[in-house]
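We count residues from 1, following the sequence as given.
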Amino acid sequence: MAHGYRTPTWRMALLAAAAWLLPAPAGAQDKLPIERVTCSFSNMLEDLRAGLKTGSPAYRKYLLQHLKEAARAMPPEELRAAVEQERDPAVLEALGAALATHAGFTEDPTALQPLLKRASQDADPATRAAAVRGLRGTGSVETLARNGNTVTYAQLIRDASPEVREAVVGNLVAEDATVYSGHDRTVSETAVETALASPDPEVAAKLLREVSMEQVGSETVRKLTGQLKAESPTLRAASASALGGVPGAEAPGATSSLVELYRNEKDPAVRKAALQGIARLGLSGALPTLGSLRGVAPALDPEIDAWETVLRRGLQEWTLVLREKERIRK
């Protein structure tokens, strides 16, 4: 049945199913009513509010999932109103996640406007951060774009509150890893754009280190290369690590930039990141390049030795290469 033809009766039937067919976790039954009662959003919200304060982790998880499942078929007016009015950050985060689920299920990104308004305009930083976290684990980058980019992560990363900036980073890292498994170009490029918009080098560096770059395009590679000259050593190191993960077509240029960085850099941590990027880009093919850098910074020659030892073993999976290299250098 197409989305546009779902009747109110059908929606209430599905809401009842979501409310009563979703199993409760072990140990949560004693907190649930023994007799069935009329399912209503207000009852659900009361249960959520109480459970988030006093419930066990399993029960809290159940309540959050319960609300998200029910939100798929829920008429949105009550949910949007609750998002607009809620003052408890934990409850707002849960309501935001439910609203994001509803928006995705109904393919109506404009439904998120109340949540985005709270994320960008609320006076309370804890509330703004909770509203941002409400988008976590969803296809939020696409949803924000379809919503006309009235609010973007590049805007939110400039928030004065560290908690809000941390929420933005958490959203993008989670979306990259759990929603798209590192394979979505738009998410990766949004992460780079957001990192470069951040006034905090540590925040920018975390994004660049933890989001996959395997699908980014040439323009994003150019932006990353430009950050090799950033004032912050932390940001230079993170940019070098990020360049190590760019697509194969970009590898020659990225390798050349990392070699130049290693030769001219003074900070040992940045030089180590450059070596790691070179090794990742070339794997066993990087051995001649690494050998050519021996003696440039004699104190780091053991680092080059360790990379050469690992790369000669022919491992093709980067996580295995990195794990083995760390074992050697312990």
inquiry  = Any carboxylate oxygen within less than 4.0 angstrom of a Lys/Arg side-chain nitrogen, looking at D122 and R87?
reply    = yes

N/O donor-acceptor pair under 3.5 Å between E189 side chain and G217 backbone = yes

remark   = Heavy-atom closest pair (D88 atom, A90 atom, distance to 0.1 Å) is OD1-N, 2.9 Å

request  = Under the side-chain contact (heavy atoms from CB on, under 4.5 Å) rule, what do L95 and L67 come out as? Steps first, then yes or no, please.
outcome  = CA-CA 8 Å; L95 289 168; L67 179 60; 4.2 Å; yes

message = What's the separation between atom CG in D47 and atom NE2 in H66, rounded to the nearest 0.5 Å?
response = 8.0 Å

key: Side-chain ion pair, R263 and E260, N-O less than 4.0 Å   = no

request  = Drop me the distance from S40's OG to E46's CD, to the nearest 0.5 angstrom.
outcome  = 7.5 Å

ask   = Which atoms form the tightest heavy-atom contact between R209 and A238, and what is the distance?
value = CG-CB, 3.9 Å

inquiry  = Less than 3.5 Å apart, any donor N or O on the side chain of S188 or Y180 sitting next to an acceptor on the other?
reply    = no

Check: S257 side chain, G253 main-chain N or O, donor-acceptor pair, under 3.5 Å = yes

message = Closer than 3.5 angstrom, by distance alone: can the side chain of S198 be matched with the main-chain N or O of D200 as a donor-acceptor pair?
response = yes

query = From I278 CD1 over to S292 OG, what is the distance, rounded to the nearest 0.5 angstrom?
reply = 7.5 Å

query = Does a side-chain heavy-atom distance below 4.5 Å link W307 with Q276?
reply = yes

task = Using side chain to side chain contact (heavy atoms under 4.5 Å, CB included) as the criterion, point out the one residue from T289, V270, L290, L261 that pairs with L275.
result = L290

request  = Quick one: pull up OG in S284 and CD in Q316 and give me the separation to the nearest 0.5 Å.
outcome  = 6.0 Å

message = Nearest 0.5 angstrom please: R185 CZ to T220 OG1, how far?
response = 6.5 Å

ask   = Around atom CD of E231, are there more than 12 heavy atoms of other residues, nucleotides or ligands at under 6.0 Å?
value = no

ask   = At their closest point, which heavy atom of L144 faces which heavy atom of V151, and how far apart are they?
value = CD2-O, 3.7 Å

request  = Taking all heavy atoms of M213 and all of P247, pick out the closest pair and write down the distance.
outcome  = O-CD, 3.5 Å

key: pair V168-D159: side-chain heavy atoms closer than 4.5 Å   = no

Any donor-acceptor N/O pair, R118 side chain to E84 backbone, under 3.5 Å = yes

query = When you look at E324 and R327, which way does the salt bridge (charged side-chain N to carboxylate O under 4.0 Å, His left out) test go after all the steps?
reply = CA-CA 5 Å; E324 185 64 11; R327 185 188 66 80; 2.6 Å; yes

ask   = Do the charged groups of R49 and E86 touch, with an N to O distance under 4.0 Å?
value = yes

task = With the side chain counted from C-beta on, respond yes when L52 and L64 share a heavy-atom pair under 4.5 Å apart, and no when they do not.
result = yes

query = Is K272 salt-bridged to E265, cutoff N-O under 4.0 Å?
reply = no

request  = For the pair L258 and L281, evaluate side-chain contact (heavy atoms from CB on, under 4.5 Å) and give the outcome as yes or no after the intermediate values.
outcome  = CA-CA 10 Å; L258 291 173; L281 286 166; 3.8 Å; yes

request  = Begin with the C-alpha distance, continue with both residues' side-chain angles, and end with the deciding distance and a verdict on side-chain contact (heavy atoms from CB on, under 4.5 Å) for D176 and L172.
outcome  = CA-CA 6 Å; D176 173 65; L172 287 168; over 6 Å; no

request  = Evaluate the side-chain contact (heavy atoms from CB on, under 4.5 Å) criterion for residues E175 and E142: first the C-alpha distance (whole Å), next the side-chain angles of each, then the deciding distance (0.1 Å), finally the verdict.
outcome  = CA-CA 11 Å; E175 188 161 338; E142 179 182 2; 5.9 Å; no

request  = Taking R158 for its side chain and A154 for its backbone only, find out whether a donor-acceptor pair lies under 3.5 Å.
outcome  = yes

ask   = Can you name the closest pair of heavy atoms from K325 and A306 and give their distance?
value = CE-CB, 4.3 Å

ask   = Would you call D267-R236 a salt bridge at under 4.0 Å N-O?
value = no

ask   = Between CD of E303 and CG of L293, what distance do you get to the nearest 0.5 Å?
value = 12.5 Å

key: Salt bridge present between E163 and R133 (N-O < 4.0 angstrom)   = yes

task = Report the residue from L99, V83, T150 that forms a side chain to side chain contact (heavy atoms under 4.5 Å, CB included) with Q113.
result = T150

ask   = Within a strict 4.5 Å, meaning less than it, do heavy atoms of the E250 and S218 side chains meet?
value = yes

ask   = Y262 versus V259: any side-chain heavy-atom pair under 4.5 Å?
value = no

query = Does a side-chain heavy-atom distance below 4.5 Å link I157 with V169?
reply = yes

message = Minimum heavy-atom separation for T186 and D184, please, with both atom names.
response = N-OD2, 3.1 Å

query = Is there a side-chain contact between L235 and L208 (heavy atoms, below 4.5 Å)?
reply = yes

request  = State whether the number of non-hydrogen atoms from other residues, nucleotides or ligands found under 6.0 Å of E166 atom CD is greater than 12.
outcome  = no

task = Answer yes or no: is there a donor N or O on one side and an acceptor on the other, between the side chain of T152 and the main chain of N149, under 3.5 Å?
result = no

task = Could you check if a side-chain atom of L45 sits within less than 4.5 angstrom of a side-chain atom of E78, using non-hydrogen atoms only?
result = no

